[in-house]
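Both ligands and their constituent atoms are indexed starting at 1 by order of listing. Reckoned from all heavy atoms, side chains included, excluding hydrogens, waters and symmetry mates.
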Amino acid sequence: MRQPLVAGNWKMNGSKADAAALINGINAEMNKITKTEVAVCVPFPYLYLAEQLLADTSIRYGAQDVSREDSGAFTGQVSAAMLLDFGCHYAIVGHSERRMFNAESDVIVARKFMQAKKLGLTPIFCVGESLEEREGGQTETVVARQLDALLELGGIDALANGVIAYEPVWAIGTGVTATPEQAQEVHAFLRHRVAANSAEVATGLRILYGGSMKPSNAQELIRQPDIDGGLIGGAALKASDFLAICHASEALA
Ligand code: PGA
């Protein structure tokens with residue numbers, strides 16, 4: 001059985017005070033969440049705060065990006081070693097907003113993944129198609145291309161105990177959520193593609209859904225056999241909404 005994971009992606013939101021309130025708000029109910037793994041991916045400047053507030057809790061935390069380089073003259077980048085230094089467990093790689101706004105190619109994303117993994121972080125590997133690609137019948141081609149770039153660079157072992165997030169770009173921050181059937185279809189496709197390389201890795205792989213997941217739709221999504229939790233943007237910024245999604249997962253686990 002795969003343990004469900006509900007992870008918040010805070011993106012570039014909030015202040016130090018907001019971050020502390022949100023962390024404390026989530027933590028206040030963690031005694032009721034025992035079967036679902038809970039994580040928050042906070043902006044870089046708040047990692048120290050996360051480390052201070054989450055040290056003795058069951059909530060894991062991480063960053064929203066990571067450099068593909070070890071160290072050196074890479075102004076503005078943050079290394080995997082630095083994230084580990086702050087106690088991070090996760091780093092999101094290949095989020096569509098970074099692919100779009102920071103021109104991250106499939107190859108760059110794969111390199112970031114391997115760098116994070118090499119240092120001991122668990123990358124949350126995001127894939128997903130745009131509206132145009134979906135309407136053009138390209139969904140499977142696109143997510144396969146994104147996945148294959150990683151498999152080519154890192155081999156199937158890269159995904160051992162791994163985490164993928166399927167995030168259709170048209171559902172991110174739009175309020176439009178993929179239907180459970182649409183999401184399940186792509187999740188199953190991804191798992192089969194991994195299974196073609198290793199059934200064992202595919203079985204252990206957690207595939208999260210992301211894209212306007214909220215308290216009202218979380219349960220029907222997470223109930224799908226190949227959906228192992230969620231990567232939550234907007235609804236992760238309010239402790240009560242985020243917790244409601246954690247509880248929805250908990251009820252199914
Ligand atoms: P959303 O974002 O929940 O606000 O749609 C999800 C994400 O981008 O990870």
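Heavy-atom proximity to G173, at under 4.0 Å, picks out these atoms of ligand 1: 1 (P), 4 (O), 5 (O). For ligand 1, the atoms closer than 4.0 angstrom to any heavy atom of H95 are 7 (C), 8 (O), 9 (O). Interface atoms of ligand 1 facing G234, defined by a heavy-atom separation under 4.0 Å, are 1 (P), 3 (O), 4 (O).
Using a 4.0 Å cutoff on heavy atoms, G210 does not count as a contact of ligand 1. Look at A171 and you'll find a heavy atom under 4.0 Å from some atom of ligand 1. Not a single heavy atom of K214 sits under 4.0 Å from any atom of ligand 1. For the ligand labelled ligand 1, residue A235 lies outside the 4.0 Å heavy-atom shell.
The shortest N or O to N or O distance between S212 and ligand 1 is under 3.5 Å.
Nearest residue to atom 2 (O) of ligand 1 from K11, E167, E97 is K11 (criterion: closest heavy atom).
Using modelled atom types, no side-chain atom of R99 and backbone atom of S105 make a donor-acceptor pair closer than 3.5 Å. Using modelled atom types, one side-chain atom of R206 and one backbone atom of Q3 make a donor-acceptor pair closer than 3.5 Å.
In plain terms, the two heavy atoms of R134 and E129 that are nearest each other are NE-OE2, 2.7 Å.
Within 6.0 Å of atom CG in N31, more than 12 heavy atoms from other residues, nucleotides or ligands are found, so the atom counts as buried in its surroundings. Heavy atoms of other residues, nucleotides or ligands lying less than 6.0 angstrom from CD of E181 number more than 12.
Ranking protein heavy atoms by distance to atom 3 (O) of ligand 1, first place goes to G233 N, 2.8 Å.
At a heavy-atom distance under 4.0 Å, only side-chain atoms of N9, from C-beta outward, approach ligand 1.
Paired with L47 under the rule side-chain contact (heavy atoms from CB on, under 4.5 Å), one option of D85, L83, V78 passes, and it is L83.
With values rounded to the nearest 0.5 angstrom, I26 atom CD1 is found 10.0 Å from T57 atom OG1.
In this structure, L205 and R191 have side chains that are in contact, with non-hydrogen atoms separated by less than 4.5 Å.
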